[in-house]
Amino acid sequence: MTFKLIIEGHKEKDIFLMKEIANRLGLITSEITQRRLTKDESLALLDKVAGSWEGPETGDELNAMIYGSRFSGNRDVEL
């Protein structure tokens with residue numbers, strides 16, 4: 001049976017130490033690093049995703065459907 005342990009950290013020294021300990025114990029280690037997107041990268045990704053969506057409704061029609069489906073009137077509640 002294989003077990004996986006995920007350790008998240010922000011300090012490179014701490015992660016390096018944990019990886020060294022695992023290697024000394026004979027465990028297999030792998031590393032995945034994630035970085036935050038810059039503002040320009042985020043906007044470019046948003047343009048790419050939003051630009052690829054197509055549907056029969058216009059933005060105004062979708063907006064009208066959302067607001068039309070809301071129910072904000074009085075509700076009868078039995079106390």
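Index from 1, following the sequence. Small disclaimer: the values here were computed from a predicted structure and weren't measured.
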Atom pair [atom1] ([X]) and [atom2] ([Y]), whose distance is rounded to the nearest 0.5 Å:
| X | Y | atom1 | atom2 | answer |
| --- | --- | --- | --- | --- |
| Leu5 | Thr29 | CG | OG1 | 11.5 Å |
| Met18 | Glu31 | CE | CD | 13.0 Å |
| Leu45 | Leu37 | CG | CG | 6.5 Å |
| Leu62 | Glu57 | CG | CD | 5.0 Å |
| Lys4 | Leu27 | NZ | CG | 14.0 Å |

Heavy-atom side-chain contact between Leu25 and Ile21 under 4.5 Å: yes
4.5 Å side-chain heavy-atom contact, Glu41 and Arg35: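 In contact.
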Any donor-acceptor pair under 3.5 Å from Asn63 side chain to Gly59 backbone: no
By side-chain hydrogen bond (donor to acceptor under 3.5 Å, both in side chains) - contacts of Ser42 (at least two apart):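 Ser42 satisfies side-chain hydrogen bond (donor to acceptor under 3.5 Å, both in side chains) with no residue once adjacent residues are dropped.
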